[in-house]
Amino acid sequence: MALQRLVTFVSSAAMIAAASLFGLSADARAADAQAAPRAGCSSIGGGKYNCHVWRTASTWWCTTTDQTDSCDGVPAGILYGGTNYFYCQTWGHEFRYGSYYNHYWARTDDDSGNKRVWLPVVWISGGVNDGPIPGLPHC
């Protein structure tokens, strides 16, 4: 019993340390854990669409606003998990996370204050591998 508690404690500490290493706050981790999956995106007017981001993730800089093949591979900032607005999506280079993969990227303004940055749609609920997110228009 004591060994089981020790293993649980060490596992929890390792997860917290890893999250801290990647710059995720306790609030961001809690938002990730409490996020409920939703399907696709919905218009909120003004050319913006609300989508559910199922995990806090890095956004990326691109040299153009309509083609993500030109992303320079440098993260721009952070987009916290939960409901976020997006403008559109476009085909670009492949992004993978575990068994998830997609060539689509969505343009947004991130929680770090960066404008016109891109998020791999792998992080948006409601899609399928290598397919667009329903309800989010193409750029």
Side-chain angles (χ1 to χ4, degrees):
M1 186 69 133
L3 180 59
Q4 183 179 9
R5 284 189 197 136
L6 178 61
V7 168
T8 301
F9 173 77
V10 170
S11 296
S12 297
M15 289 172 54
I16 291 169
S20 297
L21 179 66
F22 290 106
L24 301 179
S25 68
D27 292 341
R29 291 189 306 271
D32 285 349
Q34 295 174 9
R38 296 180 182 95
C41 304
S42 58
S43 176
I44 58 171
K48 295 179 181 178
Y49 297 80
N50 270 348
C51 307
H52 181 260
V53 176
W54 61 271
R55 176 189 176 117
T56 297
S58 293
T59 56
W60 302 83
W61 291 114
C62 297
T63 56
T64 65
T65 59
D66 62 354
Q67 180 61 24
T68 60
D69 277 332
S70 62
C71 286
D72 59 13
V74 177
I78 294 289
L79 189 67
Y80 295 118
T83 301
N84 290 280
Y85 67 85
F86 292 85
Y87 297 101
C88 59
Q89 63 184 322
T90 193
W91 183 266
H93 66 274
E94 183 179 81
F95 181 88
R96 287 187 170 266
Y97 177 77
S99 63
Y100 303 112
Y101 62 92
N102 212 310
H103 281 86
Y104 281 90
W105 292 67
R107 191 173 75 212
T108 190
D109 303 324
D110 68 23
D111 293 315
S112 300
N114 299 303
K115 304 290 185 198
R116 301 176 70 90
V117 293
W118 296 87
L119 182 80
V121 302
V122 161
W123 306 121
I124 300 174
S125 298
V128 296
N129 281 338
D130 232 10
I133 297 296
L136 186 60
H138 291 272
C139 298

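For reference, positions follow the sequence shown, starting with 1. A quick note: this is a predicted structure, and the numbers were derived from the prediction, not measured.
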Which atom names give the shortest non-hydrogen contact between [X] and [Y], and what distance separates them?
| X | Y | answer |
| --- | --- | --- |
| Ile133 | Cys41 | CG2-SG, 3.5 Å |
| Trp61 | Lys115 | CZ3-O, 3.9 Å |
| Pro134 | Gly127 | CD-CA, 4.3 Å |
| Thr108 | Leu79 | CG2-CD2, 4.3 Å |
| Thr56 | Tyr80 | OG1-CA, 3.5 Å |
| Trp123 | Leu119 | CD1-CD1, 3.7 Å |

For the ring pair His93 and Trp105, is the centre-to-centre distance below 6.0 Å?
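Between His93 and Trp105, the centre distance is under 6.0 Å.
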For the residue pair Trp118 and Phe95, is the inter-centroid distance of their aromatic rings smaller than 6.0 Å?
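Between Phe95 and Trp118, which both carry aromatic rings, the centre distance is not below 6.0 Å.
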State whether the side chain of [X] and the backbone N or O of [Y] hold a donor-acceptor pair below 3.5 Å, judged by distance alone.
| X | Y | result |
| --- | --- | --- |
| Asn102 | Pro132 | no |
| Gln89 | Val121 | no |
| Asp109 | Arg116 | yes |

Please enumerate all residues that pass side-chain contact (heavy atoms from CB on, under 4.5 Å) together with Asn50, with sequence neighbours excluded.
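With neighbours one apart ignored, the set is Ser42, Ile44, Thr83, Tyr85.
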Given side chains that start at C-beta, do those of Ile124 and Phe86 come closer than 4.5 Å, heavy atoms only?
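In contact.
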Transitively linked via ILVMFWY side-chain contacts under 4.5 Å: [X] with [Y]?
| X | Y | result |
| --- | --- | --- |
| Trp91 | Leu136 | yes |
| Trp60 | Tyr101 | no |
| Val117 | Tyr87 | no |

Set of residues satisfying side chain to side chain donor-acceptor pair (under 3.5 Å) with respect to Thr59, sequence neighbours excluded:
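Only Asp110 meet the side chain to side chain donor-acceptor pair (under 3.5 Å) criterion with Thr59.
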